Amino acid sequence: MHSIRVGQALLAVMVLAVGGAAGVTTGWVPPWGRSRILRPRLWGYGSLVTAAGATVWAFVGPLKGPPHGASVYVAWTGWV
């Protein structure tokens with residue numbers, strides 16, 4: 001069950017990162033957000049930062065096991 005959750009988290013982060021990279025390089029935005037996003041490049045950078053933070057939080061925090069020591073602070077930094 002743990003490996004399924006890790007796979008799901010990895011898929012979600014990769015979709016977010018690929019969308020952000022497409023927004024930065026080409027200005028492409030998913031169809032459901034095109035009417036609301038005024039600056040696609042800025043949206044892309046925000047998506048990349050969000051994907052990086054989610055990766056740190058997920059893979060250092062809850063998906064690794066009970067956090068202890070310095071990893072608690074690293075996981076919360078990724079969350080913030």
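FYI, side chains are in, hydrogens and waters are out, and symmetry mates aren't considered; it's all heavy atoms of this structure. On a predicted model such as this, the values are computed, not experimentally measured, just so you know.
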Minimum heavy-atom separation for W28 to W43, with atom names?
O-CZ3, 4.1 Å

Show the nearest heavy-atom pair for residues V13 and A51, with the distance to one decimal.
CG1-O, 3.7 Å

Would you give the length of the straight line joining atom OH of Y45 to atom CZ of R39, rounded to the nearest 0.5 angstrom?
14.0 Å

